[in-house]
Structures are given as structure tokens and as C-alpha cells.
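Below: the structure, in C-alpha cells.
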Amino acid sequence: MTESTKKDASQTRSFDALVIGAGFSGLYQLLCLRDRLGLSVKVLEAGAGVGGTWYWNRYPGARCDSESHSYCYTFSEELWKEWEWSEKYPGPPEIMRYLNHVADKFDLRRDIRFGTKVTAAHYNEATNRWHVTTDSGEVLTARFLVSAVGCLSTANVPDIPGLDTFKGKWYHTGQWPHEGVDFRGTRVGQIGTGSTGIQSAPVIAATAAHLTVFQRTANYSVPARNGPLTPAFNRWIHDNMEEIRTTMRAAVNGHPFLLSETLTLSIPAEERHARYEKAWEVGGLRFRAVFRDLVTSNEANATAVTFLKDKIRKIVKDPATAEKLADIDHPYAAKRPPIDTDYFETFNRDNVALVDVRADPIERVTPTGIRLKSGAEHPLDIIVFATGFDGMTGSILKMDIRGRGGLSLREAWKAGPRNYLGLQVAGFPNLFTVTGPGSPSVLCNMPVAIEQHVEWITDCIDYLRTNGLTQIEPTEEAMDSWVQEVNRAADATVLPQAKHSWYLGANIPGKPRVFMPYAGGMAYYRKICADVAARNYEGFTMTGD
Ligand SMILES: Cc1cc2nc3c(=O)[nH]c(=O)nc-3n(C[C@H](O)[C@H](O)[C@H](O)COP(=O)(O)OP(=O)(O)OC[C@H]3O[C@@H](n4cnc5c(N)ncnc54)[C@H](O)[C@@H]3O)c2cc1C
């Protein structure tokens with residue numbers, strides 16, 4: 001008998017498993033543990049609905065940059081065939097409709113508690129159970145705890161002096177008001193030019209009286225070339241789930257296309273340029289796949305850098321603005337590579353200005369705007385923080401997680417995250433993290449990474465049950481060797497060279513500088529995880545009661 005059948009469901013505070021978060025990860029984890037393994041499961045979600053990233057990020061211009069037919073689950077052919085995406089890169093409303101459809105179709109909502117934030121999770125050694133505390137003070141317990149809190153779910157609002165004195169309104173893109181923001185007739189200041197800022201600036205500029213973009217780190221961007229999906233393409237998607245899934249699983253980044261076999265410098269310069277032009281016309285993240293070695297060779301990457309900076313200089317009419325936008329200090333794709341709709345073109349509008357805050361930093365927010373170190377004042381009615389997230393570890397470490405002997409995860413990760421396969425941490429038995437640090441995660445088309453993690457965790461828990469085991473955690477040695485592998489994989493790429501990257505935690509003052517995601521590729525990582533499981537969970541210690 002599972003624990004939920006022992007008591008009336010509404011009274012139950014004791015479960016086989018608790019899952020934190022109801023985005024792509026938490027929804028699928030609930031379905032797997034409840035419907036495939038028959039466990040009693042509760043999902044605890046801070047938001048008032050499902051959707052995770054898409055519930056919170058409703059800012060103007062928000063869209064996925066994975067192609068829609070790959071930004072979805074592949075575990076159910078029925079679900080795959082009955083859903084039809086309207087465009088190549090849909091925004092939050094459509095992705096939310098999809099995730100709500102999933103929640104309804106699989107009757108997931110009855111086991112999700114919304115408006116419930118987890119503040120602490122403590123492991124009790126005597127009972128081998130996790131005691132999970134919510135913001136209302138309630139304590140729920142479970143044998144297994146799955147953190148599906150998301151890699152990009154803790155908004156990073158920079159600590160700029162004077163923000164509390166601002167008389168206008170300010171917003172963070174990752175906590176956007178669900179009723180929207182009316183920019184008409186207003187002077188808007190946008191801080192941040194990462195993927196989000198590059199999406200939002202053109203849309204804000206189209207309605208605001210004036211937009212000032214405050215840029216600290218200039219960034220590459222490739223046109224998304226968004227558009228509606230044709231009926232013929234949709235038919236092809238419906239009929240070819242297996243083929244699409246096979247490609248995504250074989251691809252380094254989990255996208256529905258493979259890297260080119262061609263090495264960048266193996267062909268003459270004119271041919272290389274022609275390929276870049278073609279890839280620019282195709283647009284989106286396929287640009288990154290145009291050559292095999294763009295992120296593994298600095299020499300190869302430099303050719304993409306030249307091509308992309310030339311494009312900026314051609315698009316942006318004012319030479320001084322173009323120079324600021326093209327003054328990019330990192331290799332292409334070493335930061336999350338943005339894709340856009342008219343980002344650079346936006347700077348040709350009369351109502352848009354670019355301010356280089358690396359040259360002249362923001363000194364403070366005043367009651368009426370932003371003042372720079374030079375004394376220059378920018379009067380504003382609205383400030384938009386497109387400043388991203390405390391990525392990968394922010395949401396996990398916000399909770400007071402304690403394992404054996406009261407060991408705190410914050411303490412264990414003081415010098416940076418350490419775990420085994422990105423899935424478990426020594427000293428924290430039966431705690432699993434979905435797409436956390438040490439896994440391909442944000443370097444990947446995430447639904448692919450999420451399905452792999454959720455299925456691995458489900459199989460692992462099933463293995464424990466089948467073998468009369470109740471506890472699993474990695475050995476310190478396995479964890480040490482995985483940390484080495486994560487570092488090795490990162491150092492084999494140009495990715496750690498972006499000094500201001502959130503992949504490195506560099507956007508958060510005081511955060512240790514450690515390259516967090518696993519850069520060895522999703523396909524390779526999947527094989528490593530499968531091999532570990534096939535060797536009876538090598539590197540883990542498992543015990544029974
Ligand atoms: C603007 C934007 C665009 C993106 N576009 C893409 C894309 O095109 N392709 C791609 O692959 N990825 C993209 N991502 C990454 C995206 O986060 C993942 O694709 C995916 O949505 C992650 O799902 P998740 O369930 O793991 O996490 P999330 O969707 O972040 O969900 C985590 C949930 O956990 C909840 N939570 C967190 N802490 C607590 C707590 N203490 N207690 C209770 N609940 C908690 C949060 O409220 C949230 O609902 C994008 C991210 C952003 C921000």
C-alpha cells in the first residue's frame with residue numbers, strides 16, 4: 001500500500017516522494033512517479049499555476065529559442081500528435097496552453113499544491129525521510145525528494161543604490177505582471193542585453209515614447225526568422241515523432257538538427273562566408289551548427305565573430321552605436337546565444353538610444369531616472385531589469401537544504417556546486433536534482449535534458465524498490481571524478497572564456513566562479529548515465545532499512 005492510501009488525501013502530509021516545482025520538469029516527474037511507479041507524490045509549486053519559466057516570464061517579446069516542435073515532451077505519441085504549434089518560436093501564452101493541456105490530459109493538477117513555496121528540506125537520518133517545510137510553516141515528509149526548481153527561476157535584480165527612491169515603476173522580466181505593462185507615452189530604461197533584453201527591446205521600443213538600453217556586455221545575436229508553421233510542416237511533425245526524437249537524442253545540444261561535419265577552417269574563406277550567409281538567412285540556433293568546431297576551437301570561432309560583428313555594423317546606421325554594439329568581449333556562443341526579431345534594427349529608430357555602462361557605469365537610480373558616474377542623467381518613467389537569473393543554483397540554494405548530520409547544501413557548495421552526474425550530492429540521500437549544475441541542462445534544448453533526467457530518476461527509484469533498497473547517494477570519489485569531468489568538458493570548449501557569463505555565476509556578486517553546466521554534450525551524457533545505471537548504479541552507495 002502506498003502512503004497516500006493510508007489516509008484521506010487532503011490530510012496527508014506524508015508521501016513516497018515530494019517534487020518541488022511544476023514546470024516542464026516537475027510535471028513529468030509527477031506523472032512518472034505517480035502513474036508509472038504507483039507512488040504517492042505531491043508537487044509543491046510557488047506559483048499559482050503550472051508552467052514554471054513560462055508562468056513567470058511574460059515580458060514583451062518573450063519566446064522560446066528552441067524550435068517549437070522540439071520544445072515539448074516526446075514521452076507520449078498521443079500527446080505529440082494531438083498538439084499543434086502555431087509558430088516556430090511561440091511565446092508564453094502558447095507554451096502555457098501546452099503545459100496546461102499536459103496537466104489536464106494526465107490529470108496532474110490534483111497532486112500539485114500551488115502557492116506553496118518550499119523554504120527548507122531537512123533529511124532525518126533516523127527515519128530516512130525528508131522533512132520539507134513550506135512558507136506557511138507546514139511540514140510534509142517523504143522518502144524521496146526531487147528538486148525541479150528550474151535553472152533560471154530566481155530573478156536577479158542588481159543592487160543599484162537608490163532603486164527604492166524611484167518614483168516611476170520598475171519590473172524584472174522574470175517576474176512580469178500577468179496583466180502586462182502599458183508602455184505607451186513613457187520613457188523606458190532597459191538594463192541588460194542578454195537573451196531576454198534582446199527579445200524585449202524591439203517590442204518595448206514599438207510602443208514606448210522612448211527607450212534607453214543600458215548595455216554592460218555587448219552580445220551577438222542571429223535573426224530568429226520566426227513565422228507561422230505551415231500545415232505541411234505540421235503534418236510532417238505529426239508523422240515523424242520517432243525520427244525527430246532520434247535526431248534530438250543524437251544531437252550535442254538536444255536540438256532537432258545535427259552539427260555540420262565540416263570543420264570551419266577546412267574550406268576556403270569564400271565558401272565559409274557563403275555558408276555563414278546561408279546560416280544567417282536560415283536563422284535561429286541552427287547558425288551555431290553551421291560548422292562542427294565553432295565552440296571547440298578559438299580559431300574557428302573567430303571567423304564567426306568577424307561575420308557576426310560585420311552584420312551588426314551593416315545593420316546599425318549610426319557608426320558610433322554600431323561600434324558599441326559590436327564591441328563584444330567573448331567568443332560567439334560562449335554566453336547563451338540569443339536569437340532575435342529586429343534587435344539591431346531597433347537602434348535605427350529615432351526613439352531608441354544605447355548607453356554603454358561599461359564605459360560610464362550606472363551610479364544610482366534617482367527618483368526620476370538613472371544617473372551615470374559621469375553625472376549624465378537619463379529621465380525615466382519605467383525601468384525594466386532584463387538582468388537574468390541567479391542561474392543553475394539560485395533556486396536550490398534559496399531553500400535551506402540539510403542532509404546527514406545537518407550538513408547544509410549551501411555550505412557543501414560554498415566553493416561551487418559538487419555532485420555526481422548533476423543528479424545527486426554525497427551526504428544528501430534520496431535527494432535528486434533535475435537539470436541542475438553538472439548536467440547539460442541550459443546548454444541543451446531543455447525538454448530533452450528534462451525527459452532524460454526524470455526518466456533516469458524514475459528508473460533509479462524503481463530499481464531501489466525492486467531490490468528492497470531504500471537509500472541512495474553518491475560516493476565522494478564518484479563526485480570528485482564527476483567534478484573533474486565537468487571541468488575537463490568545459491575546458492575543451494570556448495565556453496568558460498566569457499568572463500561575465502551566468503554559466504560561471506559571474507553575474508551574481510560573491511558567487512563562486514565555476515563553470516556549472518556539463519559541456520560534454522547531451523548525447524554523450526545520456527550514455528554515461530545509462531552506463532552507470534546498467535552497472536547497478538556504479539558510484540552510488542545503496543542500502544536497505
Ligand atoms: C525567457 C526564457 C526563455 C527560455 N527559452 C528556452 C528555450 O527556448 N529552450 C530551452 O530549452 N530552454 C529555454 N529556457 C529555459 C527554461 O527554463 C527551460 O526550458 C524549462 O522551462 C525549465 O523547466 P523546469 O521545470 O526545469 O524549471 P522552471 O520552468 O523554471 O520551473 C521551476 C518551478 O519551480 C518553482 N519553484 C522554484 N523554487 C521553488 C520553491 N522553493 N518552492 C516551490 N516552488 C519553487 C518555480 O516557481 C517554477 O515554477 C528559457 C528560459 C527563460 C527564462
Side-chain angles (χ1 to χ4, degrees), residues 18-30 42-68 70-73 88-92 95-96 98-99 102 112-121 132-136 146-156 172-176 194-200 224 248 253-256 284-285 336-339 386 388-392 394-401 433-436 439-451 453-454 502 517 522:
L18 284 166
V19 176
I20 312 172
F24 265 100
S25 302
L27 292 177
Y28 187 38
Q29 189 68 76
L30 167 59
K42 187 64 81 184
V43 176
L44 305 172
E45 165 57 55
V50 302
T53 292
W54 307 99
Y55 174 88
W56 299 106
N57 286 265
R58 306 195 198 192
Y59 59 85
R63 293 186 176 281
C64 61
D65 47 22
S66 297
E67 295 173 15
S68 52
S70 66
Y71 195 63
C72 51
Y73 297 110
K88 196 169 178 185
Y89 303 109
I95 302 173
M96 284 286 285
Y98 173 73
L99 289 170
V102 171
I112 305 174
R113 198 149 348 136
F114 295 108
T116 305
K117 194 173 211 158
V118 171
T119 54
V132 173
T133 308
T134 73
D135 51 354
S136 70
V146 182
S147 167
V149 294
C151 303
L152 300 170
S153 54
T154 293
N156 167 40
H172 186 283
T173 50
Q175 295 171 334
W176 203 255
S195 290
T196 292
I198 282 175
Q199 287 183 332
S200 58
M248 292 196 292
N253 299 105
H255 286 286
L285 291 173
R336 194 163 182 258
I339 66 174
F389 303 89
D390 182 353
M392 305 221 67
S395 292
I396 302 174
L397 294 181
K398 255 191 167 178
M399 300 179 285
D400 176 27
I401 297 183
T433 52
V434 182
T435 67
S439 74
S441 178
V442 290
L443 298 180
C444 189
N445 175 35
M446 288 200 65
V448 173
I450 287 167
E451 282 191 335
H453 258 194
V454 166
W502 58 261
M522 187 60 217

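These numbers were taken from a predicted model, which means no experiment stands behind them. We count ligands from 1, going down the list as the structure has it; atoms in each ligand are counted the same way.
In this structure, Arg113 does not count as a contact residue of ligand 1, since none of its heavy atoms falls inside 4.0 Å of the ligand. Residue contact annotation: Ala148 has a non-hydrogen atom under 4.0 Å from ligand 1. No heavy atom of Leu27 sits closer than 4.0 Å to any atom of ligand 1. The closest approach between Val434 and ligand 1 stays at or above 4.0 Å for every heavy atom of the residue. Distances from ligand 1 to the non-hydrogen atoms of Ser195 include no value under 4.0 Å. Not close to ligand 1: Tyr89, with no non-hydrogen atom less than 4.0 angstrom away.
When each atom of ligand 1 is checked for a heavy atom of Trp56 under 4.0 Å away, the hits are 46 (C), 47 (O), 48 (C), 49 (O).
In this structure, the protein non-hydrogen atom closest to atom 35 (C) of ligand 1 is Glu45 OE1, 3.4 Å. For atom 10 (C) of ligand 1, the nearest non-hydrogen atom of the protein is Tyr71 CE1, 3.3 Å.
At a 4.0 Å heavy-atom cut-off, ligand 1 does not touch Phe114 at all. Residue contacts with ligand 1 for Ile20 involve side-chain atoms from C-beta outward but no N, CA, C or O (heavy atoms, distance under 4.0 Å). At a 4.0 Å heavy-atom cut-off, ligand 1 touches Leu44 through the backbone alone.
At a 3.5 angstrom cut-off on N or O pairs, Asn57 does not count as close to ligand 1.
Arg336 has a carboxylate O that lies under 4.0 Å from a charged side-chain N of Asp65, or vice versa, which qualifies the two as a salt bridge.
The aromatic rings of Tyr59 and Trp176 sit perpendicular to each other, their planes meeting at more than 60°, with 30° as the lower class boundary. His172 and Phe389 have perpendicular rings, their planes meeting at more than 60° on a 0 to 90° scale where under 30° would count as parallel.
For Ser200, the side-chain hydrogen bond (donor to acceptor under 3.5 Å, both in side chains) partners two or more places apart in sequence, or in a different chain, are Gln190.
Considering CD of Gln175 and CG of Asn57, their distance stands at 9.0 Å, rounded to 0.5 Å.
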